[in-house]
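This report concerns only the one structure given below.
In what follows, every heavy atom counts, from backbone to side chain, and hydrogens, waters and symmetry copies are set aside.
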Amino acid sequence: MAVKKARIIGTGSYLPEKVLTNFDLEKMVETNNEWITARTGIQERRIAADDEMTSDLAVKAAQNALEMAGVTAEEIDLIIVGTITGDFPWPSTACLVQNKLGAVNAAAWDVSAACSGFVYALASAAQYLQNGHSKKALVIGAEILSRIIDWEDRNTCILFGDGAGAVVLEAQEGDHGILSSHLHADGSHWQLLYQPGFGARHPASVSGIEQRLPFLHMAGNEVFKVAVRSLYDVAIEALEANQMTAKDVHLLFPHQANRRILDAVKKRLNLEDGQMYINVDLCGNTSGASIPLALDEANRKGMISEGDVLMFDAFGGGFTWGATLLRW
């Protein structure tokens, strides 16, 4: 009996309406448009409205993906959400999404792998589809990073934005679908990119707020070095596992961290112009949402054709990193 592949049959995304430009940031912190653009390639990012929650963004992206796939919420039997900014510490955002969508037949859980969350969630869903435990899955990356950013820290507040992206997966026979996934982690570097509070280590307290523990902390230069190396290494690993080279990839969708990282990875992989999809300039770093957001943009622009080889390449706090190679 032929092993079925997990194939993407629909994509969707959602960006909040509010746009925060570099010129807006000039009025908030000591920075300027030229400095931000030169170092990150980011020109603007989206910010969720006060009454928008991560589950709301996820649901809107999911509805768009379901519509494209021609699949009803009741047909979905698995929902996995990659997020580090869920509505609550628990229950999972995936359970909230399941309820809001009316996906009454779906199991649901979150994956916490920071910016690698979507790739981790996708690999997990693919296993359930390939072994026959699920038939149709919904994988979502959704973040509201603006709620955990220190808006007084110019080194981090310029980088991040809010958004969500989603894909519908179906188990299908044939050559199309996910070819392989490759996941890695190195917990020895956790302190270089993390959110100190409020978890069990630093429970909620007034002193914790005064110490700004609820906000993201990042050692940018150290993260940059490891990120470039890891993104390159896992991309090569995925290609070699499938007897391919970078020339075989129609589009590479990297985690949209910042333009300098993307340019460095592009150079190392010797990619041609147009082989790497980049939207960090208009979305900023949306963590686990960045890859499915970019995928949906490219798909709706008609940039992907049946049979194209695509790669997802992610790196995030933990450290976590991973790559997925698929045939569209």
I need the full list of side chain to side chain donor-acceptor pair (under 3.5 Å) pairs touching [range], with sequence neighbours left out, sorted by first then second residue.
{"range": "residues 100-111", "value": "S55-K100, D56-K100"}
{"range": "residues 217-231", "value": "none"}
{"range": "residues 121-138", "value": "K136-E170"}

For the side chain to side chain donor-acceptor pair (under 3.5 Å) test, which of S116, S287, S290 pairs with H255?
S290
Hydrophobic side-chain clustering at under 4.5 Å (ILVMFWY, transitive links): who's grouped with [X]? Put none if nobody.
{"X": "F198", "result": "I209, L213"}
{"X": "I144", "result": "Y14, L57"}
{"X": "V71", "result": "I9, V59, L66, I76, I79, V81, V97, L101, L138, I140, V168"}

Give me the atom names and distance for the closest heavy-atom approach of [X] to [Y].
{"X": "A121", "Y": "I80", "value": "CB-CG2, 3.5 Å"}
{"X": "Q256", "Y": "Y277", "value": "NE2-O, 3.1 Å"}
{"X": "L271", "Y": "A246", "value": "CD2-CB, 3.8 Å"}
{"X": "D313", "Y": "A323", "value": "OD1-CB, 4.2 Å"}
{"X": "F253", "Y": "L295", "value": "CE2-CA, 3.6 Å"}

Strictly by salt bridge (Lys or Arg N to Asp or Glu O under 4.0 Å), give each pair with a member in residues 26-36 just once, sequence neighbours left out.
none
Would M303 and E297 count as a side chain to side chain contact (heavy atoms under 4.5 Å, CB included) here? Give the steps.
CA-CA 9 Å; M303 298 175 64; E297 282 188 11; over 6 Å; no
Give a yes or no answer on whether the side chain of [X] reaches the backbone of [Y] with a donor-acceptor pair at less than 3.5 Å.
{"X": "N64", "Y": "K60", "value": "yes"}
{"X": "N299", "Y": "D296", "value": "no"}
{"X": "D87", "Y": "T54", "value": "yes"}
{"X": "E52", "Y": "P16", "value": "no"}
{"X": "S146", "Y": "I47", "value": "no"}
{"X": "D308", "Y": "W328", "value": "no"}
{"X": "Q195", "Y": "P214", "value": "yes"}
{"X": "N242", "Y": "M244", "value": "no"}
{"X": "R7", "Y": "R327", "value": "no"}
{"X": "E143", "Y": "T85", "value": "yes"}

Taking the six-membered ring of F224, is NZ or CZ of R260 closer than 6.0 Å to its centre and within 45° of its axis?
yes
Set of residues satisfying salt bridge (Lys or Arg N to Asp or Glu O under 4.0 Å) with respect to D175, sequence neighbours excluded:
none
Who are the salt bridge (Lys or Arg N to Asp or Glu O under 4.0 Å) partners of D263, not counting sequence neighbours?
R259
So, using ring pair (Phe, Tyr, Trp, His ring centres under 6.0 Å) as the criterion, who are the partners of [X] when residues are at least two apart?
{"X": "H202", "value": "none"}
{"X": "W151", "value": "none"}
{"X": "Y232", "value": "none"}

Is the shortest heavy-atom distance from the side chain of F315 to the side chain of T320 under 4.5 Å?
no
Verify side chain to side chain donor-acceptor pair (under 3.5 Å) between S207 and E210, making sure each step is shown before the conclusion.
CA-CA 5 Å; S207 63; E210 293 172 346; 5.9 Å; no
If you apply the rule side chain to side chain contact (heavy atoms under 4.5 Å, CB included), what do you find for L282 with L15, and how did you get there?
CA-CA 11 Å; L282 300 180; L15 288 169; over 6 Å; no
Side chain to side chain contact (heavy atoms under 4.5 Å, CB included) between W321 and L183, worked out:
CA-CA 6 Å; W321 63 99; L183 306 178; over 6 Å; no
Would you please test Q43 and N22 for side chain to side chain donor-acceptor pair (under 3.5 Å) and show each step?
CA-CA 6 Å; Q43 298 174 15; N22 292 346; over 6 Å; no
Test side chain to side chain contact (heavy atoms under 4.5 Å, CB included) on T37 and I42; report intermediate values, then the result.
CA-CA 5 Å; T37 302; I42 300 169; over 6 Å; no
